[in-house]
Amino acid sequence: MANLQTNLAGIKSPNPFWLASAPPTNSGYQIMKAFDAGWGGAVWKTLGVPVVNISSRYGALNYRDNRMVGFNNIELITDRPLADNLREIEEVKKRFPDHAVIASLMVETREQWHQIVKDAENAGADGLELNFGCPHGM
Ligand SMILES: Cc1cc2nc3c(=O)[nH]c(=O)nc-3n(C[C@H](O)[C@H](O)[C@H](O)COP(=O)(O)O)c2cc1C
């Protein structure tokens, strides 16, 4: 079988097929299932404080006379507690030490950024995504 191993800035992965940060990467259970199924890496659904949620999550987009030509996605970051996600990152890395796990992060203050970066590193995340793009809706 072909060797698909990758090394992206020191982050190793058995293959270049990674899941983006989104609903399929919202828990350790999902990511472990994905790795069992063959995915090489995952960017965890964005972790943050405070946990804020909204309803509804989708808005219809109308264009001229056409109704609902598309949807605005207004899903925010994870709605699961930070401590649960950090514990699960640790579990995933223990079970899959050779797979890539990137923690996507989004918090509000400088002090919170410093803390969450340390927390994600201590949990074993291989890399960090600083999410400056999803605060819409908050
Ligand atoms: C429902 C939904 C939720 C998402 N949540 C996040 C998120 O929590 N953090 C993040 O960085 N990106 C999030 N994304 C963006 C995805 O990670 C990805 O960048 C985007 O879907 C574009 O990739 P695609 O063209 O493969 O869909 C989300 C996307 C969707 C559709």
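Heads up: numbering here begins at 1 and tracks the sequence. First listed ligand is number 1; within each ligand, the first listed atom is number 1. These numbers come from a predicted model, not from an experiment.
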A.B. asks: Should Tyr29 and Phe96 be regarded as members of a common hydrophobic cluster, given that ILVMFWY residues are connected when their side-chain heavy atoms come within less than 4.5 Å of each other, either directly or indirectly?
C.D. replies: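 No, because Tyr29 and Phe96 fall into different hydrophobic clusters, even though each may have its own neighbours under 4.5 Å.
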A.B. asks: Between Trp39 and Thr25, is there a side-chain heavy-atom distance shorter than 4.5 Å?
C.D. replies: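 The answer is no, as the side chains (C-beta and beyond) never meet within the 4.5 Å cut-off.
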A.B. asks: Got a salt bridge between Asp126 and Lys12, using NZ or NE/NH1/NH2 to carboxylate O under 4.0 Å?
C.D. replies: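 No, this pair does not count.
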A.B. asks: Below 4.0 Å from any atom of ligand 1, which residues have a heavy atom? Give them in chain and number order, please.
C.D. replies: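 Protein residues near ligand 1 are Ala20, Ser21, Ala22, Pro23, Lys45, Thr46, Asn73, Glu75, Ser104, Glu129, Asn131.
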A.B. asks: Can you find a pair of side-chain heavy atoms, one from Thr78 and one from Val51, that are under 4.5 Å apart?
C.D. replies: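 Answer no - side chains too far apart.
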A.B. asks: How many angstroms lie between CG in Leu128 and CG in Leu47, if you round to the nearest 0.5 Å?
C.D. replies: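 Reported to 0.5 Å precision, the distance equals 10.0 Å.
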A.B. asks: I'd like to know if the side chain of Gln30 reaches the main chain of Ser27, judged simply by a donor and an acceptor atom lying under 3.5 Å from each other, with no hydrogens or angles considered.
C.D. replies: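 Flag set: sc Gln30 to bb Ser27 pair under 3.5 Å.
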